[in-house]
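Residue numbers run from 1 in the order of the sequence given. Remember, it's a predicted structure, so these values are computed and weren't measured experimentally.
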Amino acid sequence: MGTSIAFHLAEAGVRDVVVVERDDLGSGSTCKAAGGVRAQFSDELNIRLGARSIELFQRFPQRPGQEIDLHQVGYLFLLSSDDDVTAFERNVDLQNSLGVRSRMLTVEEARRMSPLIETDGLLAATFSPDDGHCTPESVVLGYATAARRFGARLHTRTTVRSIVGTGSDTFRVETDRGAVSTPNLVCAAGAWSREIGEMVGVDLPVSPLRRQIMFTEAMLELHDRVTPFTIDFGSTFYFHREGRGLLFGMSDPDETPGFKLDMSDAWLPRLTEAIGRRAPRLLDVGVRDGWAGLYEVTPDHNALIGSAGRFFYATGFSGHGFLQGPAVGEVVRDLVLGREPFVDVSSLDASRFAADQARPELNCV
């Protein structure tokens with residue numbers, strides 16, 4: 001998110017764009033992400049942000065200029081409750097009205113698309129062919145390289161210690177490597193955003209929540225086979241092709257907020273149960289490795305995009321930040337420059353919770 005915003009601002013001619021990153025670029029949540037890109041959401045804003053981002057991902061080798069290994073194999077949501085089927089039918093109608101080529105599928109159609117699944121208990125599915133996955137670290141590299149080409153400065157291994165408003169419409173950002181004064185400040189710190197907000201007196205209700213993913217050994221049966229990004233929506237178990245094997249994961253309803261990045265075995269019984277029910281052949285495949293990363297979760301599982309004076313923020317994406325990064329980069333650029341973004345994001349302002357105007361997103365895992 002930070003490198004996308006930096007690129008879009010610098011490309012637009014903004015001088016003295018500075019990115020401050022306490023570690024290496026992408027070392028937070030981005031390079032721990034599953035890399036999914038989609039426009040299948042329940043919220044109109046997320047559909048528009050997802051669809052626009054897919055357009056930009058498709059053109060990424062030309063602008064900003066980086067190969068990102070984009071595989072548009074589609075997202076396949078598997079549905080096993082009547083309520084979910086009803087909700088997804090409504091979502092598909094909304095997505096179609098906005099130009100997204102999603103559609104409802106029968107259970108048999110879903111099985112043919114994703115032969116690893118067992119269909120017991122399934123009622124229907126949805127699929128959109130333009131969705132898929134790409135490589136997060138390549139996206140970061142592409143934006144960072146292009147941002148530097150346009151004159152942006154990216155300071156890694158630089159920690160923000162404090163932020164002070166000087167009273168003259170300027171922020172003074174104190175870091176462990178010196179200070180930066182700026183009339184415009186953008187927070188794109190993901191799971192770490194609440195602390196940045198506190199420094200300037202803005203409540204950004206973002207909580208870190210551990211999510212874990214794992215990788216299988218090579219699977220010969222996947223050779224030359226297109227495998228959609230498959231999500232068993234009822235359990236949140238998902239998988240997609242990664243090299244010669246699969247990447248897979250699932251949320252843990254017992255997980256508690258915190259900056260926990262160690263792998264935990266606590267989720268394994270529930271994960272094993274979900275795999276055994278929906279893709280039992282995976283139980284016979286070796287697991288290569290895995291890692292834990294952090295979701296940046298808000299109370300309604302929807303993003304915080306907005307501003308308080310000249311303090312701008314784009315955070316709290318609750319698992320769909322990477323895939324919306326290109327479009328949100330455009331939006332924040334326009335907010336900073338006082339231009340009207342391609343989509344009205346005013347309802348994603350952080351003040352919505354105090355005003356009891358939460359905007360929940362259903363299609364989260």
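- For residues 190-221, the pairs satisfying ring pair (Phe, Tyr, Trp, His ring centres under 6.0 Å) are W192-F259, F215-W291, with sequence neighbours left out.
- Criterion: ILVMFWY side-chain heavy atoms under 4.5 Å apart, direct or through other members. Under it, M199 and V186 are not part of a common hydrophobic cluster.
- Note: the hydrophobic cluster containing I117 also contains L282 (ILVMFWY, side chain heavy atoms under 4.5 Å, direct or indirect links).
- Counting only residues at least two apart or in different chains, ring pair (Phe, Tyr, Trp, His ring centres under 6.0 Å) contacts with residues 325-351 are absent.
- Side-chain atoms of S97 come within 3.5 Å of backbone atoms of L94 as a donor-acceptor pair (strictly under, hydrogens ignored).
- By the neighbour-count criterion of 12 heavy atoms within 6.0 Å, atom CG of D69 is densely surrounded, having more than that number from other residues, nucleotides or ligands.
- Applying the side chain to side chain donor-acceptor pair (under 3.5 Å) rule to D254 yields the partners R270; only residues at least two apart in sequence or on another chain are considered.
- Between the side chains of Q66 and T145, no donor-acceptor pair of N or O atoms lies under 3.5 Å.
- In terms of modelled atom types and a separation under 3.5 Å, the side chain of R149 and the main chain of P64 share a donor-acceptor contact.
- For L335 against F312, the heavy-atom pair with the smallest separation is O-CE2, 3.6 Å.
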Run L304 and F353 through side-chain contact (heavy atoms from CB on, under 4.5 Å) and show every step you take. CA-CA 11 Å; L304 308 177; F353 299 107; 3.7 Å; yes

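- The salt bridge (Lys or Arg N to Asp or Glu O under 4.0 Å) analysis of residues 1-13, with sequence neighbours excluded, yields the pairs E11-R63.
- Sorted by first and then second residue, the pairs that involve residues 115-135 and meet salt bridge (Lys or Arg N to Asp or Glu O under 4.0 Å), not counting sequence neighbours, are R101-D130.
- No donor-acceptor pair closer than 3.5 Å links the side chain of S27 to the backbone N or O of L25.
- Taking all atoms of both residues into account, the shortest heavy-atom contact from A39 to V100 is CB-CG2, 3.9 Å.
- Evaluation of the side chain to side chain contact (heavy atoms under 4.5 Å, CB included) rule for S351 yields D349 as partners, not counting sequence neighbours.
- Cluster annotation: F88 is not connected to L45 through the hydrophobic network of ILVMFWY side chains, with a link wherever side-chain heavy atoms come within less than 4.5 Å.
- Cation-pi geometry between R38 and F41 is met: under 6.0 angstrom from the ring centre, within 45 degrees of the axis.
- With hydrogens and angles ignored, the 3.5 Å screen pairs no side-chain donor or acceptor of S29 with any backbone N or O of G293.
- A donor and an acceptor atom, one from each side chain of S346 and D344, are located under 3.5 Å apart.
- Residues satisfying the side chain to side chain donor-acceptor pair (under 3.5 Å) test with E108, not counting sequence neighbours, are R111.
- Neither side chain, N302 nor E361, offers a donor N or O lying under 3.5 Å from an acceptor on the other.
- Counting Ile, Leu, Val, Met, Phe, Trp and Tyr side chains that sit under 4.5 Å apart, directly or through other members, V73 shares a hydrophobic cluster with V226.
- Ring pair F237/F239 is tilted by interplanar angle, where 30° to 60° counts as tilted.
- Under the 3.5 Å distance criterion, with hydrogens and angles disregarded, a donor-acceptor pair is assigned to the side chains of S102 and Q95.
- The salt bridge (Lys or Arg N to Asp or Glu O under 4.0 Å) pairs that include a residue from residues 277-293 are E221-R281, D232-R278, E273-R277, where partners are two or more places apart or lie in different chains.
- Proximity of D334 to E340: side-chain heavy atoms (C-beta onward) are nowhere separated by under 4.5 Å.
- The aromatic ring centres of F322 and F57 sit less than 6.0 Å apart.
- Counting heavy atoms from C-beta outward, H155 and V19 have side chains that stay 4.5 Å or more apart.
- When hydrophobic clusters are built by joining Ile, Leu, Val, Met, Phe, Trp and Tyr residues whose side-chain heavy atoms come closer than 4.5 Å, directly or via intermediates, V17 is not grouped with F150.
- The main-chain N or O of L49 is found under 3.5 Å from a side-chain atom of S53 such that the two form a donor-acceptor pair.
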Tell me, with the steps shown, if T158 and R22 meet side-chain contact (heavy atoms from CB on, under 4.5 Å). CA-CA 4 Å; T158 304; R22 72 177 186 181; over 6 Å; no

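- T256 and K260 share a side-chain donor-acceptor pair at under 3.5 Å.
- At a threshold of 4.0 Å, the pair D252-R210 does not count as salt-bridged, since none of the basic side-chain nitrogens sits closer than that to a carboxylate oxygen.
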Could you give me the CA-CA distance, side-chain angles and deciding distance for C364 and H320, then say whether side-chain contact (heavy atoms from CB on, under 4.5 Å) is met? CA-CA 8 Å; C364 293; H320 47 271; 4.0 Å; yes

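- Contact check for P205 versus D203: side-chain heavy atoms found under the 4.5 Å cut-off.
- Distance alone, capped at 3.5 Å, is enough to place a donor-acceptor pair between the Q40 side chain and the Y75 backbone.
- When only modelled atom types and interatomic distance are considered, Q324 and N46 share a side-chain donor-acceptor pair under 3.5 Å.
- The side chain to side chain donor-acceptor pair (under 3.5 Å) test applied to H301 returns no partner, not counting sequence neighbours.
- No hydrogens or angles considered: a donor-acceptor pair under 3.5 Å links the side chains of S81 and D84.
- Y295 is not listed as a side-chain neighbour of V206, based on a closest heavy-atom distance of 4.5 Å or more.
- Atom CZ of R244 sits in a sparse spot, with 12 or fewer heavy atoms from other residues, nucleotides or ligands closer than 6.0 Å.
- When all heavy atoms of F311 and C187 are compared, the pair lying nearest together is CZ-CB, 3.7 Å.
- Residue E217 places its CD atom among more than 12 non-hydrogen atoms of other residues, nucleotides or ligands, all under 6.0 Å distant.
- By the rule that hydrophobic residues join a cluster once side-chain heavy atoms approach within less than 4.5 Å of another member, V297 and Y313 end up as members of separate clusters.
- In terms of modelled atom types and a separation under 3.5 Å, the side chain of S138 and the main chain of P136 share no donor-acceptor contact.
- When every heavy atom of L105 is checked against every heavy atom of E109, the shortest pair comes out as CA-OE1, 3.3 Å.
- Using modelled atom types, one side-chain atom of R241 and one backbone atom of L222 make a donor-acceptor pair closer than 3.5 Å.
- Ring geometry, Y143 versus F60: the interplanar angle exceeds 60°, so the pair is classed perpendicular (tilted spans 30 to 60°).
- Residue G197 comes nearest to L204 through the heavy atom pair CA-CD1, 4.0 Å, listed as atom of the first residue, atom of the second, then distance.
- Checking S193 against T315 by side-chain atom types alone, a donor-acceptor pair falls below 3.5 Å.
- Taking the six-membered ring for Trp and the full ring otherwise, F248 and Y238 have centroids separated by 6.0 Å or more.
- For the pair E21/R157, no side-chain contact is recorded, criterion being any heavy-atom separation below 4.5 Å from C-beta on.
- Using cut-offs of 30° and 60° on the angle between ring planes, the pair F233 and F77 is perpendicular.
- Closest approach of L337 to A12, counting heavy atoms only: CD1-CB, 4.0 Å.
- Judged as a salt bridge (Lys or Arg N to Asp or Glu O under 4.0 Å), the pairs with a partner in residues 295-314 (not counting sequence neighbours) are, in order, D300-R352.
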Go through the steps for V14 and V336 under the test side-chain contact (heavy atoms from CB on, under 4.5 Å), then give the verdict. CA-CA 10 Å; V14 177; V336 171; 5.8 Å; no

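- A donor-acceptor contact closer than 3.5 angstrom is absent between the side chains of T170 and S181.
- Looking at residues two or more places apart in sequence or on another chain, you find no side chain to side chain donor-acceptor pair (under 3.5 Å) involving T175.
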